[in-house]
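Order of the sequence lines fixes the chain letters, A, B, ..., with proteins taken first and strands second; residue numbering starts at 1 for each chain. Note that the coordinates shown come from a computational prediction; the quantities given were computed from them, not determined experimentally.
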Amino acid sequence: MSVRVRIAPSPTGNLHIGTARTAVFNWLYAKNKGGSFILRIEDTDLERSKPEFTQNILDGLKWLGLNWDEGPIFQTDRTALYQTKIQSLLDQGLAYRAYDTPEEIETMRARQKARNEAPRYDNRHRNLTPDQIAAYEAEGRTAVIRFKIEDSREITWTDLVRGNVSWKGRDLGGDMVIARASNTGTIGAPLYNFVVVVDDIDMGITQVIRGEDHIGNTPKQILLYEALGATVPEFGHTPLILNETGAKLSKRDGVTSIFDFKKMGYTAAAFCNYMTLLGWSPIEGMDEIFSLESASKVFGFDRVNKAGAKFDWDKLNWINSQYLHAMPVPELTDLLIPYWQEAGFAFDPIADRPWLERLVAVIGASLAKLTDAVEMAEYLFTQAVTPTEDATKQLGLDGVKDALSAVLAAIPTEALTEESAKAIIDAVVKEKGVKKGLVMKSLRAGLTGSLQGPDLMQSWLLLNAKGWDRIRLTGAIG
RNA sequence: GGUGCUGUAGACAAAUUGGUAAAGUCACAGGGCUUUCAAUCCUGGGUUUGCGGGUUCAAGUCCCGUCAGCACUGCCA
């Protein structure tokens, strides 16, 4: 049977890193097995689901390059199917209507808590007599539908990453609600744990690969597979992504959407690369820099770690830098232009393209994030620079202004080249009898307003192309 | 409270069926290059698998106990 896996995000929020990483693992596994990767939107929470979140999820997956083979399938389009299935469970006596009010459930839980017991539904409405049912209905009570879970059951499965996992029925919290409250004779909105199973069966999902936070749902779902007469798929629960403090990475950690990473200057390929490394390790001899495509060739759950993976910004930065350094200049230029525009730098992306590419060629190898290019190249985009303290000090040194005046006077009217620029420096050194280091350092201070930065000669040429070298040096002398 | 999962250097982690642990990567430190910074290259340090027992010729790997962290415990997903 061919492999069919899915990513099933809920549009109650933006696409976040946990879901994205799960999507990566599913994608990798599907590709490795020559199977299908399916996208299903779990929008059964009508209150919290929002179209803009669905859009964010779709856009995010596309940006990451996690193309899906089927879908998106929306659960809200499938309520008829869920109702049919629920009705059949009802008919078989595997599920029943429970008329408890939320308040009654609340007091039951409070009592359990007071006695230091685990909160659970005590199945009190499992065997209601026809009279009791009639009485509740006469009262006008609505009923949820609960699926029976026998305390004596023992549920076991072989997890793709964790091996044998087993659970006792009595630890599952009592008969589970599979449909929200509704009036007599109707079936309320179906709930997550139920629709997931119905859909996974219907869509022929062969492996359910999801985060470890779902591990407690698995035994309940296995029971549902059995009740629905379906083959239980394989399950693989991947480790969670943790923040510095070891808690599940969440919105509070400053990243609510995958696009936050884009804004921060990470490329999709690098980010996917890093997510893959969060819990999976490459095979012997394989580099840590790889494409999703090449990782898919060797991906398997035997190399997925069980422990939670701490998110490491340093490592992400390094990986991103490797992608940026290896990127051809035109491509990098395309990616950088929006960041410079965003920063408010004045330039014409078309007319200035050759100049921009020269700039990218100079700074490309130093970038870790795309956003680094803003600060790094600022002195080339804004006409006036404020010299740093060190630069000011350098410009005040004996003989500096004299030497820079000589340089300024020697700048040719035609475009400067690396050779002519070097010749000017050599001539000034000789003529003024000063150390070359002094000239170089001072020139850097005068030209860029700083004592460190990208290659001086290239910076000068870039400035010269705009005619700003004269302006800067004049300012430095005066 | 209950249940489950996890625990190898600062981080990610590797380690055939138990058989020399800390491979590799990041970070960090030192050096080269660049008369700058970054990048890059070279070198280096860290140490004994959370802790305690047990089985074994041999345990990161198996067993028992213990501690810690995390997750779940909804008419959310």
Secondary-structure stems for RNA chain B, with pairs counted as Watson-Crick or G-U when both distances are under 3.5 Å and runs at least 3 long: B:1-7 with B:67-73, B:10-12 with B:24-26, B:28-32 with B:40-44, B:50-54 with B:62-66
Heavy-atom protein contacts under 4.0 Å, nucleotides 13-24 of chain B, coded B base, S sugar-phosphate only, - none: SSS--------B
With 3.5 Å as the limit, what N/O pairs link the protein to nucleotides 1-3 of chain B?
residue, atom, partner, partner atom, Å
B/G1, O4', A/N116, OD1, 2.9
B/G1, O2', A/N116, O, 2.8
B/U3, O2', A/W167, NE1, 3.4

Euclidean distance, atom CG of residue A/L172 to atom P of B/G4 [Å, nearest integer]: 11 Å
Set of residues satisfying side-chain hydrogen bond (donor to acceptor under 3.5 Å, both in side chains) with respect to A/T276, sequence neighbours excluded: none
Find every protein N or O atom lying less than 3.5 Å from an N or O atom of nucleotides 38-42 of chain B, and list the pairs.
residue, atom, partner, partner atom, Å
B/A38, O2', A/S366, O, 3.3
B/A38, N3, A/S366, OG, 2.5
B/A39, O4', A/A365, O, 3.3
B/A39, O2', A/A365, O, 2.7
B/U40, OP1, A/Q322, NE2, 3.1

Non-neighbouring partners of A/P282 that pass side chain to side chain contact (heavy atoms under 4.5 Å, CB included), sequence neighbours left out: A/L277, A/W280, A/M286, A/E288, A/F290
Interatomic distance at P, B/G53 relative to B/G60, whole Å: 14 Å
Qualifying residues under side chain to side chain contact (heavy atoms under 4.5 Å, CB included), relative to A/S49, sequence neighbours excluded: A/P11, A/T12, A/D43, A/D45
Distance, rounded to the nearest Å, where A/F194 contributes CZ and B/G74 contributes C1': 18 Å
Qualifying salt bridge (Lys or Arg N to Asp or Glu O under 4.0 Å) pairs, either residue in residues 187-200 of chain A, two or more places apart: A/R6-A/D200, A/R40-A/D199, A/R40-A/D200, A/R78-A/D199
Whether A/F261 and A/F311 hold their rings parallel, tilted or perpendicular, with breakpoints at 30° and 60°: tilted
Proximity to RNA chain B (any heavy atom under 4.0 Å), residues of residues 212-225 of chain A only: A/E212, A/D213, A/H214, A/N217
hbond_proxy A/R48 side chain to B/C76 base (donor-acceptor, 3.5 Å cutoff): yes
Within residues 426-434 of chain A: residues closer than 4.0 Å to RNA chain B (heavy atoms): none
Pairwise P distance for B/A11 and B/G50, with rounding to whole Å: 13 Å
Phosphate contact (B/G74 OP1 or OP2) by A/R180 side-chain N/O below 4.0 Å: no
Sequence neighbours excluded, every pair satisfying side chain to side chain donor-acceptor pair (under 3.5 Å) that has a member inside residues 451-461 of chain A: A/Y379-A/S459, A/E418-A/Q458, A/W460-A/D469
Residues forming a side chain to side chain contact (heavy atoms under 4.5 Å, CB included) with A/D390, sequence neighbours excluded: A/T388, A/L451
